[in-house]
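Heads up: the structure comes next, in structure tokens.
Here is how names work: the chains are called A, B, and so on, in the same order as the sequence lines, proteins then strands, and each is numbered from 1.
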Number of protein chains: 2
Amino acid sequence: MERVNLSRTRDSESTKRNILAAAKMEFATKGLSGARVDDIANVAKVNKRMIYHYFESKENLFKQVIEKAYLDIREAELELNLEHLDAKSALETLVRFTWKYYLDNPEFIRLVNSENLHHARHLKTSKEVVQANRNYVGLVQSILDRGVQEGEFRDQIDPVNLNITIAAIGYYYLNNRFTGSIIFEKDLMDSEVLDKRLEFNIETILKLVSR
Amino acid sequence: MERVNLSRTRDSESTKRNILAAAKMEFATKGLSGARVDDIANVAKVNKRMIYHYFESKENLFKQVIEKAYLDIREAELELNLEHLDAKSALETLVRFTWKYYLDNPEFIRLVNSENLHHARHLKTSKEVVQANRNYVGLVQSILDRGVQEGEFRDQIDPVNLNITIAAIGYYYLNNRFTGSIIFEKDLMDSEVLDKRLEFNIETILKLVSR
DNA sequence: TATAAATGTAAACAATTGGTTACTTGATTT
DNA sequence: AAATCAAGTAACCAATTGTTTACATTTATA
């Protein structure tokens, strides 16, 4: 029988949550190599030993963080309930969502970069993430099918490439906002500039799929 | 009067070049924090002291590397001589070039990521890079103008956003090839898959600009 | 209530790492 | 040929860092 203790002075679940949250920020801002276990412990207000107690190693902690990051975004996408919209609206909603998610969760982009710098070795063994993504590709495929039926979209569009492009046009812009702002001599994070970029992206995707 | 010594046993220029080349690979594969000065020295076959002699610090060495990386790609773009082509061909050539450059120089992507992780603090003081990029945006703008004159392109297309999108659709795919290959359960680096992606990208850009 | 398991702390360790010191060797100039 | 400066080497250092050891306290349960 599970006991719930509402007034625990010791709370392993909250300790784990705190560690994960602190680790996410630390890894995102400094990368896997740049991240410091001591800093994670300090931010999480937890003794460093607890990190090793619950997560075994810095490497494994990173793995937990990146897995959770992927599951979180895939979960948020499912909550959009795109099945209830016509294909064009569904696609536009997805582009807007992806953009906003990256904008609101810059850590996600950083973590994915880190994981790729390390040849995705942490994600390689994650069945759960693969399955979540399989569902996601299926979702996009069904939007495409619906669009063809409605006479709005071209057929034979590759859902994986479409997916990648939807992510790419948001990800690249936000990932490289620092070098981009210098190079293009323009604040890429200015709110009007951001809004125009989103409209540009929606246009890009809709023109790509339409007949 | 400058003397040229063809048989120097001591060659500061070649030492500097070796350090820069080794540093570029080391920073690209491990990031700024992950890179080891000792490893750079070993690969460059140079005493570690020489790195500090010529480059002052690890940080400054990174700055030299990232600056050169940007100047190199902007230089390669200029050599395409896009002015001699009709607008549509020029744009397609640029998309193909960008893709191939990222494919052949994966270090470039990694370095740009690192620089953004560090808020572009090394590039901030680089007038030369900003100027090179100004020329590049001008080049794309002139292609767009030509396309409008030829009656092929829509007008009022923002050259910066177009630039960003051309880069994005190649960059994202290749940057995230490791996580992408796992997530999409498909080898994104398979040569047929790569070819299809390039065609997809050309289509994306041409549909975006055409009337 | 005794006991074992879970949760937590302080301190230290061994390895690593960016950077430096002290010195040697080779090339150029006068 | 002597003197001067650039180029190069080996050894070392102080600080950092991921990880561990040894120990203490709280909680759940037999």
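No donor-acceptor contact under 3.5 angstrom links the side chains of A/N116 and B/R177, judged on distance only. No hydrogens or angles considered: a donor-acceptor pair under 3.5 Å links the side chains of B/Y171 and B/N113.
The pair B/R121-B/E59 meets the salt-bridge criterion, since a charged nitrogen lies less than 4.0 angstrom from a carboxylate oxygen. Looking at A/K16 and A/E13, a side-chain N of the basic residue comes within less than 4.0 Å of a carboxylate O on the acidic one, giving a salt bridge. The existence of a salt bridge linking B/E92 and B/R96 is confirmed by a sub-4.0 Å separation between a basic side-chain nitrogen and an acidic carboxylate oxygen. In this structure, A/E79 does not pair ionically with A/R74, as no charged nitrogen and carboxylate oxygen lie closer than 4.0 Å.
Under the 3.5 Å distance criterion, the side-chain polar atoms of B/E115 are matched with a main-chain donor or acceptor of B/L123.
Ring-plane geometry between B/F178 and A/H119 is classed as parallel, the angle between the planes falling under 30 degrees on a 0 to 90 degree scale with a further cut at 60.
Across residues 21-29 of chain A, not one residue has a non-hydrogen atom less than 4.0 Å from an atom of DNA chain D. Of the residues in residues 111-122 of chain A, not one comes within less than 4.0 Å of DNA chain C through any heavy atom.
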Review item, nucleotides 10-13 of chain D N/O atoms under 3.5 Å of protein N/O:
from	atom 1	to	atom 2	distance (Å)
D/dA10	N7	B/N47	ND2	3.4

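Nearest to the side-chain atoms of A/K58 among the listed nucleotides D/dA7, C/dG18, D/dT19 stands D/dT19. The side chain of A/M50 lies closest to C/dG8, out of D/dT19, C/dG18, C/dG8.
B/S89 and B/T93 get closest at one heavy-atom pair: O-OG1, 2.6 Å.
B/K16 has its NZ atom 11 Å from the C1' atom of D/dA6, to the nearest Å. Per the geometry, NE2 belonging to A/H53 stands 20 Å off P belonging to D/dG18, to the nearest Å. When rounded to the nearest whole Å, the span between CG of B/N60 and P of C/dG19 equals 10 Å. Separating the CD1 atom of B/I51 from the C1' atom of D/dT9 is a distance of 14 Å, rounded to the nearest angstrom. Taking atom CG of A/N42 as the reference point, atom P of D/dT17 lies 12 Å away to the nearest angstrom. In this structure, B/K45 places its NZ atom 17 Å from C1' of D/dG8, rounding to the nearest Å. Taking atom CZ on B/R36 and atom C1' on C/dG18, their separation rounds to 9 Å, with Å as the unit. Spacing between atom OH of A/Y52 and atom C1' of C/dG8 amounts to 17 Å, rounded to whole angstrom units.
Legend: ring pair (Phe, Tyr, Trp, His ring centres under 6.0 Å) pairs involving residues 29-59 of chain A, not counting sequence neighbours: none detected. Sorted by first then second residue, the side chain to side chain donor-acceptor pair (under 3.5 Å) pairs that include residues 180-190 of chain B, not counting sequence neighbours, are A/R134-B/E185.
The shortest side-chain heavy-atom distance between A/T179 and A/L188 does not fall under the 4.5 Å cut-off. The closest side-chain heavy-atom distance from B/Y173 to B/V193 is below 4.5 Å.
Residue-level contact check: A/A41 touches neither bases nor backbone, having no heavy atom under 4.0 Å from any strand. Residue contacts shown for A/Y54 are limited to sugar-phosphate atoms, with no base heavy atom under 4.0 Å away.
Rounded to 10 degrees, the angle separating the terminal axes of the helix from C/dT1-D/dA30 to C/dT30-D/dA1 is 0°, with each axis obtained from five end pairs.
Listed pair B/T15 / D/dG8 meets the phosphate criterion, a side-chain N or O lying under 4.0 Å from OP1 or OP2.
For A/E83, the CD atom counts as densely surrounded, since its 6.0 Å shell holds more than 12 non-hydrogen atoms of other residues, nucleotides or ligands.
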